[in-house]
Amino acid sequence: MNRFLSVLSLLMFWGYPTHSQNYPKKVEDKLIGKVSYVIYSNPRKCTLTDTTAVLYLNPTHSLFVYAKGDDHRMVTCDKGEDVMLLEANGNMVLKNFASDTLKIRELVLTTVYRSYEALPKFNWTLGNKEKTIANYKVKNATTRFRGRSYEAWFSEEIPISDGPWKFNGLPGLILEVYDTDKDYFFTIKNIEIPANPFSEEVKFREDGQFLPIQKFLIADHIEYEKIKKESQAASNIEIEVKVPPRNPIELTEN
């Protein structure tokens with residue numbers, strides 16, 4: 001049995017949504033796969049490197065965990081060094097394909113925020129380019145989402161309509177995706193299907209301050225305003241707190 005048939009058989013057995021998205025009624029917690037990505041990002045006009053993330057694949061939902069760690073750390077970037085904000089449980093994006101919903105949890109400066117929205121529907125345009133990534137044949141597709149244009153590379157050898165971060169909706173797992181400016185670049189590092197250990201459970205954490213998605217997208221401004229007010233109250237003088245240059249992955253609300 002070749003690799004494609006092995007993966008497809010496992011997915012059919014567990015009922016994980018392929019592109020047709022036929023979901024079982026009962027949500028299982030057992031993993032069918034773990035996919036590790038390397039992320040290059042440019043959130044403060046300084047491209048951060050050497051950051052990793054894991055996409056945990058379950059039968060009806062997936063959980064993307066990134067920036068996980070016990071302490072902040074210095075990372076190399078294209079303008080020297082910058083601080084990578086890490087959180088003990090990691091930032092999280094939970095896609096629930098059965099209910100078409102998405103939850104997100106993120107550390108912003110000193111506060112963990114979380115939000116909720118409908119599962120984004122990406123308007124993909126399939127291309128005609130092909131190449132090989134991690135020994136998988138991949139095809140390209142393009143889309144525009146919240147102010148950025150993206151190119152994704154997906155493999156029909158892994159018929160899972162999912163990918164890193166919020167990306168989804170292609171007839172195969174997204175192994176690489178980036179915006180046209182390459183400010184945000186996700187590329188595959190390792191694939192485990194089936195996952196090992198098979199009984200591992202990974203759950204979205206409901207802690208943190210809830211914000212509607214429109215406010216969540218500007219949570220850094222909210223956090224800086226909070227710091228400004230706290231500083232002024234402590235010193236009883238007017239303090240200027242400048243928001244540093246920002247280049248978020250989502251530039252607009254729509």
Side-chain angles (χ1 to χ4, degrees), residues 37-53 64-69 71-95 102-118 120 122 142-152 163-167 176-187 205 207-233 238-254:
Y37 292 88
V38 176
I39 305 175
Y40 302 90
S41 61
N42 189 12
R44 293 177 295 279
K45 302 296 185 181
C46 180
T47 303
L48 305 181
T49 62
D50 192 28
T51 60
T52 59
F64 187 65
V65 182
Y66 62 103
K68 183 177 181 179
D71 198 4
H72 306 334
R73 64 183 176 91
M74 298 296 295
V75 294
T76 302
C77 66
D78 55 3
K79 296 181 181 179
E81 288 188 323
D82 203 348
V83 176
M84 169 59 66
L85 298 179
L86 302 177
E87 208 277 331
N89 298 289
N91 296 336
M92 298 180 174
V93 178
L94 175 69
K95 304 183 192 109
L102 181 145
K103 293 181 180 181
I104 186 167
R105 173 189 188 273
E106 183 177 338
L107 172 66
V108 181
L109 296 181
T110 61
T111 305
V112 173
Y113 292 97
R114 58 185 176 85
S115 191
Y116 171 94
E117 64 177 315
F122 290 84
T142 56
T143 192
R144 187 164 179 83
F145 181 69
R146 293 183 179 167
R148 292 185 185 272
S149 296
Y150 292 95
E151 182 169 30
W165 191 56
K166 297 182 180 182
F167 298 109
E176 189 170 276
V177 58
Y178 45 81
D179 67 289
T180 51
D181 293 327
K182 295 189 177 179
D183 284 335
Y184 289 85
F185 194 112
F186 304 79
T187 188
R205 292 183 60 88
D207 61 328
Q209 181 179 336
F210 178 82
L211 291 176
I213 188 63
Q214 294 81 5
K215 289 188 176 181
F216 183 87
L217 296 178
I218 57 170
D220 56 340
H221 287 288
I222 295 174
E223 189 71 3
Y224 275 106
E225 282 299 314
K226 183 179 72 174
I227 293 173
K228 177 181 178 180
K229 290 180 181 179
E230 291 175 350
S231 299
Q232 289 176 350
E238 185 72 19
I239 295 177
E240 183 179 6
V241 179
K242 293 183 178 181
V243 178
R246 63 189 300 268
N247 186 28
I249 188 170
E250 293 172 286
L251 296 172
T252 63
E253 294 182 10
N254 300 308

Is there a side-chain hydrogen bond (donor to acceptor under 3.5 Å, both in side chains) between Arg146 and Thr252 once you walk through the steps? CA-CA 5 Å; Arg146 293 183 179 167; Thr252 63; over 6 Å; no

For [X] versus [Y], what's the shortest heavy-atom pair and its separation?
| X | Y | value |
| --- | --- | --- |
| Ala53 | Ile39 | CB-CD1, 3.6 Å |
| Asp82 | Cys46 | OD2-CB, 4.0 Å |
| Pro120 | Leu102 | CD-CD1, 3.7 Å |
| Tyr116 | Lys103 | CD1-CG, 4.1 Å |
| Gly147 | Leu251 | O-CD1, 3.6 Å |

When you look at Ile222 and Lys215, which way does the side-chain contact (heavy atoms from CB on, under 4.5 Å) test go after all the steps? CA-CA 8 Å; Ile222 295 174; Lys215 289 188 176 181; 4.1 Å; yes

Could you pull out all residues at least two apart from Glu106 that satisfy salt bridge (charged side-chain N to carboxylate O under 4.0 Å, His left out)?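 Once residues adjacent in sequence are excluded, Glu106 has no partner under the salt bridge (charged side-chain N to carboxylate O under 4.0 Å, His left out) criterion.
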
Do Lys182 and Tyr178 form a cation-pi contact, if we require the NZ or CZ to be under 6.0 Å from the six-membered ring centre and within 45 degrees of the ring's axis?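 Yes - Lys182 lies over the ring of Tyr178, closer than 6.0 Å to its centre and within 45° of its axis.
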
Output the distance between atom [atom1] ([X]) and atom [atom2] ([Y]), rounded to the nearest 0.5 Å.
| X | Y | atom1 | atom2 | answer |
| --- | --- | --- | --- | --- |
| Glu253 | Gln214 | CD | CD | 5.0 Å |
| Leu217 | Ser115 | CG | OG | 7.5 Å |
| Phe145 | Asn254 | CZ | CG | 9.5 Å |

[Y] backbone acceptor or donor facing [X] side chain under 3.5 Å:
| X | Y | answer |
| --- | --- | --- |
| Lys95 | Trp165 | yes |
| Arg44 | Val83 | yes |
| Asp179 | Ser149 | no |

Working for side-chain contact (heavy atoms from CB on, under 4.5 Å), residues Met92 and Arg205: CA-CA 8 Å; Met92 298 180 174; Arg205 292 183 60 88; 4.0 Å; yes

Tell me, do Leu109 and Tyr224 make a side-chain contact under 4.5 Å, heavy atoms counted? yes

Contact check, side chains of Leu48 and Pro43, non-hydrogen atoms, under 4.5 Å: yes

Between Tyr40 and Tyr184, is the gap from one ring center to the other below 6.0 Å?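 Not close enough - the centres of the two rings lie 6.0 Å or further apart.
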
Are the ring centres of Tyr150 and Phe167 closer than 6.0 Å? yes

Please test Asp207 against Arg105 for salt bridge (Lys or Arg N to Asp or Glu O under 4.0 Å), starting from the C-alpha separation and ending with a verdict. CA-CA 8 Å; Asp207 61 328; Arg105 173 189 188 273; 2.8 Å; yes

Flag if over 12 foreign heavy atoms under 6.0 Å of CZ, Phe210: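 Yes, enclosed.
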
So does Lys226 have more than 12 non-hydrogen atoms from other groups sitting under 6.0 Å from NZ?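 Result for NZ/Lys226: enclosed.
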
Does the side-chain contact (heavy atoms from CB on, under 4.5 Å) test come out yes or no for Val112 and Glu87, once each step is laid out? CA-CA 9 Å; Val112 173; Glu87 208 277 331; 4.0 Å; yes

Check each of Thr180, Thr143, Asp183 against Arg148 using the side-chain contact (heavy atoms from CB on, under 4.5 Å) test, and report the only one that passes.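 Result for side-chain contact (heavy atoms from CB on, under 4.5 Å) with Arg148: Asp183.
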
Which residue, Leu211, Leu107, Ile104, Asn91, forms the side-chain contact (heavy atoms from CB on, under 4.5 Å) with Tyr113? Leu211

Would you check, one step at a time, whether the test side-chain contact (heavy atoms from CB on, under 4.5 Å) holds for Phe186 with Phe64? CA-CA 12 Å; Phe186 304 79; Phe64 187 65; 4.2 Å; yes

Ignoring hydrogens and angles, state whether a donor on the side chain of Thr111 or Glu223 is under 3.5 Å from an acceptor on the partner side chain. yes

Can we say Glu250 and Lys166 salt-bridge, meaning some charged N sits less than 4.0 Å from an Asp/Glu carboxylate O?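 Salt bridge: yes.
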
Tell me, with the steps shown, if Thr187 and Glu176 meet side-chain hydrogen bond (donor to acceptor under 3.5 Å, both in side chains). CA-CA 4 Å; Thr187 188; Glu176 189 170 276; 2.8 Å; yes

